[in-house]
Amino acid sequence: MSNEEKELSKLERELVLKFLMDKKTPVTINYEKKVSATETQLKKNKAEISDDKKVSASDVFPLVLNPEQMEIIKQGIILIKNSERQISPFFGKKVRVQFYFNRLPIYFISEIKSYSGGYALVIPEILKRAKEYSSKNNFDIEGIISYKVHNDQLINLYCYPLDGFSLLSEMTFADIPVNLQQSSKAYLEKFVNEAKSGLSSPIGKGRHLIPVAKYLSQPVNLEVLNDMEKNQNLNIIYFDDERLVLASRSNNNSIELENDYDFEFSFVLVPNTRLKRKIRLSFTVENIYNSDTNSSVCYICKYNRVENEDKRFLKEKNKF
């Protein structure tokens with residue numbers, strides 16, 4: 001899996017252009033430069049101030065264009081149909097347009113312009129193969145939740161990474177598989193609306209919501225769950241120096257909203273050795289998100305006690 005961007009050759013560009021015209025694949029449009037906005041401003045398509053509780057507009061509300069919303073002509077122009085309300089926030093701005101060609105992520109930078117029939121995008125001469133999102137995890141990161149039940153019995157819940165959710169690189173909306181993007185976008189809009197209306201806690205910078213939306217959008221076949229999911233272990237799908245996101249295919253984890261829990265991170269410092277860094281902290285469950293089918297759940301855990309040295313370590317581990 002390549003971590004380097006590569007400019008396509010002229011021949012490759014022609015093949016990709018023909019593919020776009022013939023195969024009718026969805027494309028995702030994001031701002032080229034990230035725009036930060038509060039939840040209220042985001043809904044009003046305004047993003048002018050910096051705030052502690054801000055959301056990355058380019059990540060939370062990308063635009064997914066399905067084939068029936070586009071017409072691609074041989075001059076290398078994408079004509080956008082019946083999407084004036086969706087496209088208007090991006091009008092006149094540089095955007096990143098991404099799609100998949102034979103399972104390879106391809107993108108280009110362009111600007112949405114208007115013409116007599118609506119909006120259009122010119123496909124430039126330069127197309128690039130995007131960096132591929134690294135999604136495989138090993139168990140170099142683990143965690144344990146500890147709490148006591150009524151009879152003072154100590155309960156430990158073990159937490160492990162999940163393939164498809166890299167913990168050391170930032171997931172963007174474009175990293176979500178195309179077949180999950182529409183439902184993921186719906187979840188993201190729901191999260192922001194709930195925070196805006198006061199039905200849930202503030203969502204902070206919102207970076208953690210992308211993996212949450214992806215996880216909840218994934219179809220669940222109870223017959224083919226892996227051993228970890230069958231055993232009701234929790235999965236770590238995101239962490240930074242402020243929050244941790246735990247996910248499960250079961251609602252029977254005894255984790256409750258607004259409750260506090262002790263947590264221990266364990267990081268392998270040198271691969272294939274027992275040299276580890278352990279971080280002990282506590283968190284409050286500030287939000288719980290369920291899938292529409294109630295087959296999946298994500299717990300948003302905000303740290304309320306963590307040493308400054310440990311906080312710096314967590315920040316260094318994922319330099320987003």
Side-chain angles (χ1 to χ4, degrees), residues 1-6 25-37 39 42 45 47 54-66 86-87 89-90 93-101 103-112 121 127-137 161-192 195 203-218 235-245 247 289 298 300 315 317-320:
M1 188 172 287
S2 174
N3 285 320
E4 296 183 359
E5 294 189 350
K6 179 183 178 182
T25 187
V27 303
T28 301
I29 297 176
N30 282 314
Y31 293 112
E32 165 60 4
K33 293 184 177 179
K34 290 188 175 182
V35 180
S36 293
E39 292 102 7
L42 191 58
N45 296 322
K54 63 185 179 181
V55 178
S56 175
S58 58
D59 282 341
V60 174
F61 288 115
L63 174 62
V64 181
L65 290 179
N66 292 314
Q86 293 175 291
I87 207 73
F90 298 91
K93 298 180 175 65
K94 283 190 175 181
V95 294
R96 177 186 175 113
V97 182
Q98 185 158 322
F99 54 93
Y100 284 86
F101 168 70
R103 299 185 178 182
L104 298 176
I106 306 296
Y107 82 94
F108 61 84
I109 306 301
S110 187
E111 183 177 329
I112 295 178
L121 273 167
L127 304 185
K128 291 186 177 182
R129 176 177 173 176
K131 291 181 181 179
E132 294 189 68
Y133 177 68
S134 176
S135 62
K136 288 190 175 181
N137 286 300
L162 182 65
D163 282 347
F165 295 83
S166 178
L167 300 179
L168 303 181
S169 60
E170 183 177 15
M171 180 187 291
T172 67
F173 190 86
D175 297 315
I176 298 176
V178 172
N179 65 311
L180 300 180
Q181 287 186 353
Q182 288 285 38
S183 58
S184 295
K185 184 170 183 283
Y187 277 119
L188 291 169
E189 290 175 342
K190 179 182 178 182
F191 301 156
V192 173
I203 55 179
K205 297 177 182 179
R207 291 186 304 224
H208 60 288
L209 296 178
I210 302 294
V212 171
K214 175 184 175 181
Y215 185 84
L216 297 182
S217 296
Q218 291 177 325
N235 291 120
I236 304 171
I237 62 171
Y238 176 90
F239 79 89
D240 58 22
D241 60 321
E242 296 180 349
R243 285 177 176 82
L244 164 73
V245 178
Y289 295 122
C298 289
I300 314 303
K315 192 169 186 177
K317 291 298 287 185
N318 52 12
K319 297 180 179 179
F320 291 165

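Note: hydrogens, waters and symmetry copies are ignored here, and every other heavy atom, side chains too, is used. We number each residue from 1, following the sequence as shown. This structure is a prediction, so every number in the text was calculated from the model and none was measured.
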Checklist line | With Q182 via side-chain contact (heavy atoms from CB on, under 4.5 Å) - residues at least two apart | finding: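 Q182 satisfies side-chain contact (heavy atoms from CB on, under 4.5 Å) with V64, N66 only.
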Taking atom [atom1] of [X] and atom [atom2] of [Y], what is their separation to the nearest 0.5 Å?
X: D240; Y: L167; atom1: CG; atom2: CG; result: 11.0 Å
X: T28; Y: K185; atom1: OG1; atom2: NZ; result: 10.5 Å
X: L127; Y: S110; atom1: CG; atom2: OG; result: 10.5 Å
X: L104; Y: K6; atom1: CG; atom2: NZ; result: 10.0 Å
X: L65; Y: Q181; atom1: CG; atom2: CD; result: 10.5 Å

Item checked: Candidate pair Y238 and M171, rule side-chain contact (heavy atoms from CB on, under 4.5 Å), full reasoning -> CA-CA 9 Å; Y238 176 90; M171 180 187 291; over 6 Å; no
Notebook entry, point to check: Listed by chain and number, what are the salt bridge (Lys or Arg N to Asp or Glu O under 4.0 Å) partners of R243, not counting sequence neighbours?
Noted result: E286
Got [X] and [Y] here, is their nearest side-chain heavy-atom distance under 4.5 Å?
X: N235; Y: P161; value: no
X: L209; Y: I203; value: yes
X: I29; Y: L121; value: yes
X: I236; Y: V245; value: no
X: I210; Y: T172; value: no
X: F239; Y: K317; value: yes
X: H208; Y: I300; value: yes

Notebook entry, point to check: With sequence neighbours left out, what residues match Y107 under side chain to side chain donor-acceptor pair (under 3.5 Å)?
Noted result: E5
Margin query: The criterion is side chain to side chain donor-acceptor pair (under 3.5 Å); which residues satisfy it with S217, sequence neighbours excluded?
Written below: S183, S184
Next item on the list: Under the ring pair (Phe, Tyr, Trp, His ring centres under 6.0 Å) rule, collect the residues that match up with Y289, sequence neighbours excluded.
Entry: F191
Check: F101: what forms a ring pair (Phe, Tyr, Trp, His ring centres under 6.0 Å) with it, not counting sequence neighbours?
Finding: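 With neighbours one apart ignored, the set is F19.
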Item checked: Full working for side-chain contact (heavy atoms from CB on, under 4.5 Å) between Y215 and Y187 -> CA-CA 10 Å; Y215 185 84; Y187 277 119; over 6 Å; no
Margin query: V27 vs Q98, test: side-chain contact (heavy atoms from CB on, under 4.5 Å). Steps then yes/no.
Written below: CA-CA 6 Å; V27 303; Q98 185 158 322; over 6 Å; no
Notebook entry, point to check: Of the non-hydrogen atoms in A130 and R96, which two are nearest, and what is the gap between them?
Noted result: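 Residues A130 and R96, closest heavy atoms: CB-NH2, 3.6 Å.
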Check: How far apart are the C-alpha atoms of L188 and F173, what are their side-chain angles, what is the distance that settles it, and do they pass the side-chain contact (heavy atoms from CB on, under 4.5 Å) test?
Finding: CA-CA 10 Å; L188 291 169; F173 190 86; 3.8 Å; yes
Check: Does K94 make a cation-pi contact with Y31 (under 6.0 Å, within 45 degrees of the axis)?
Finding: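 Because its charged atom misses either the 6.0 Å distance or the 45° angle limit, K94 does not stack over Y31.
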